[in-house]
Amino acid sequence: MPHLVYERPIRIHFGDCDPAGIVYHPHYYALINMFHEDFLHEVGNVGFIEIRKFGVGFPVVGIRTDFTAPSRPGDLCTGKVWIEKMGRSSIRFAFEVTCGEEVRLRAIETMVCVKLDEKGDFVSYPIPDNIREAFKPYLIEEGDPLLELRA
């Protein structure tokens with residue numbers, strides 16, 4: 001059975017852009033973060049703050065990005081996210097932003113489930129079962145192609 005892909009529209013605003021009139025690349029990370037938070041709310045029924053009720057957090061530990069074409073103010077793009085790998089405590093998310101048929105951005109983001117230890121340091125912790133189960137439909141099948149990046 002094919003995996004699900006979470007999608008939603010992303011409008012590019014004037015404030016997202018640099019003086020050249022294209023999205024300033026750090027703003028894409030803010031857009032990805034907001035889009036990712038929507039995914040967590042709608043799919044996992046939990047947001048970045050509410051996830052603390054499980055005693056865990058999910059900091060980003062790595063991100064790789066290809067900016068494949070510029071986006072400009074007024075563009076109505078589509079954000080897509082799915083999961084390429086889910087380990088004991090880590091999740092590798094794949095993101096794609098398109099405008100029509102044109103790919104504007106591809107990114108891989110790795111998050112690790114952590115808990116605070118007795119000293120207040122983050123330590124790796126297993127992904128809670130209810131979050132794991134909610135995410136499973138978005139996980140690619142073994143052998144499916146991974147998102148290809150140039151970077």
Side-chain angles (χ1 to χ4, degrees), residues 1-13 15-17 23-71 75-99 102-151:
M1 179 172 113
H3 65 89
L4 295 177
V5 175
Y6 176 80
E7 294 186 23
R8 83 166 182 83
I10 297 174
R11 178 160 314 276
I12 304 302
H13 296 97
D16 297 323
C17 298
V23 172
Y24 181 49
H25 70 279
H27 283 263
Y28 264 125
Y29 293 116
L31 290 169
I32 287 172
N33 190 67
M34 287 184 282
F35 181 63
H36 194 224
E37 189 171 2
D38 290 344
F39 171 81
L40 289 175
H41 275 291
E42 293 180 30
V43 173
N45 295 314
V46 64
F48 289 136
I49 299 299
E50 296 90 351
I51 206 156
R52 290 187 289 183
K53 69 183 175 187
F54 298 105
V56 299
F58 281 89
V60 174
V61 296
I63 190 164
R64 291 179 51 212
T65 308
D66 283 346
F67 303 97
T68 57
S71 293
D75 285 352
L76 183 58
C77 299
T78 301
K80 301 174 186 176
V81 65
W82 61 93
I83 298 169
E84 290 195 338
K85 184 178 179 186
M86 189 162 39
R88 178 186 154 277
S89 61
S90 67
I91 305 175
R92 176 182 159 127
F93 291 94
F95 291 92
E96 192 171 69
V97 175
T98 60
C99 193
E102 184 177 45
V103 176
R104 302 288 178 87
L105 173 139
R106 287 189 174 111
I108 300 295
E109 182 178 77
T110 302
M111 299 178 106
V112 174
C113 184
V114 297
K115 190 171 191 153
L116 289 175
D117 68 9
E118 60 279 347
K119 296 184 290 184
D121 295 327
F122 289 128
V123 293
S124 177
Y125 191 78
I127 298 166
D129 290 339
N130 58 332
I131 294 173
R132 180 180 296 282
E133 287 303 312
F135 287 177
K136 272 187 181 177
Y138 296 86
L139 178 63
I140 66 171
E141 300 285 327
E142 189 172 325
D144 283 352
L146 301 177
L147 189 67
E148 290 188 33
L149 298 178
R150 299 178 305 214

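In what follows, residues are counted from 1 in the order of the sequence shown. Remember, it's a predicted structure, so these values are computed and weren't measured experimentally.
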Considering only heavy atoms from C-beta outward, does the side chain of [X] approach that of [Y] to under 4.5 Å?
X     : Y      : answer
Tyr29 : Ile63  : yes
Phe58 : Val112 : no
Ile10 : Met34  : no
Val23 : Arg104 : no
Val81 : Ile32  : no

Has [X] got a side-chain atom pairing as donor or acceptor with [Y]'s backbone, closer than 3.5 angstrom?
X      : Y      : answer
Ser124 : Val114 : no
Glu84  : Leu147 : yes
Asp66  : Arg150 : yes

Could you walk me through whether Thr110 and Lys85 pass the side-chain contact (heavy atoms from CB on, under 4.5 Å) test, one step at a time? CA-CA 9 Å; Thr110 302; Lys85 184 178 179 186; over 6 Å; no
How long is the straight-line distance from [atom2] of [Y] back to [atom1] of [X], given to the nearest 0.5 Å?
X      : Y      : atom1 : atom2 : answer
Met86  : Phe93  : CE    : CZ    : 8.5 Å
Phe67  : Tyr28  : CZ    : OH    : 8.0 Å
Ile108 : Arg64  : CD1   : CZ    : 7.5 Å
Arg132 : Leu139 : CZ    : CG    : 9.5 Å
Ser71  : Glu102 : OG    : CD    : 7.5 Å
Asp16  : Asp75  : CG    : CG    : 10.5 Å

Can you name the closest pair of heavy atoms from [X] and [Y] and give their distance?
X      : Y      : answer
Ala107 : Leu149 : N-CD2, 4.2 Å
Tyr138 : Trp82  : O-CB, 3.6 Å
Val56  : Pro128 : CG2-CG, 4.1 Å

How would you list, by chain and number, every residue that makes a salt bridge (Lys or Arg N to Asp or Glu O under 4.0 Å) with Lys136, sequence neighbours excluded?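 Glu133.
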Under 3.5 Å donor-acceptor pairs involving side-chain atoms of residues 40-49, not counting sequence neighbours:
unit_1 : atom_1 : unit_2 : atom_2 : d
Glu42  : OE1    : Tyr6   : OH     : 3.2
Glu42  : OE2    : Tyr6   : OH     : 3.1

How would you list all residue pairs meeting salt bridge (charged side-chain N to carboxylate O under 4.0 Å, His left out) that involve residues 105-128, not counting sequence neighbours? Glu96-Arg106
Give the ring-plane orientation class for His27 versus Tyr24, where under 30° counts as parallel, over 60° as perpendicular and anything between as tilted.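 Ring orientation, 0 to 90° scale: tilted.
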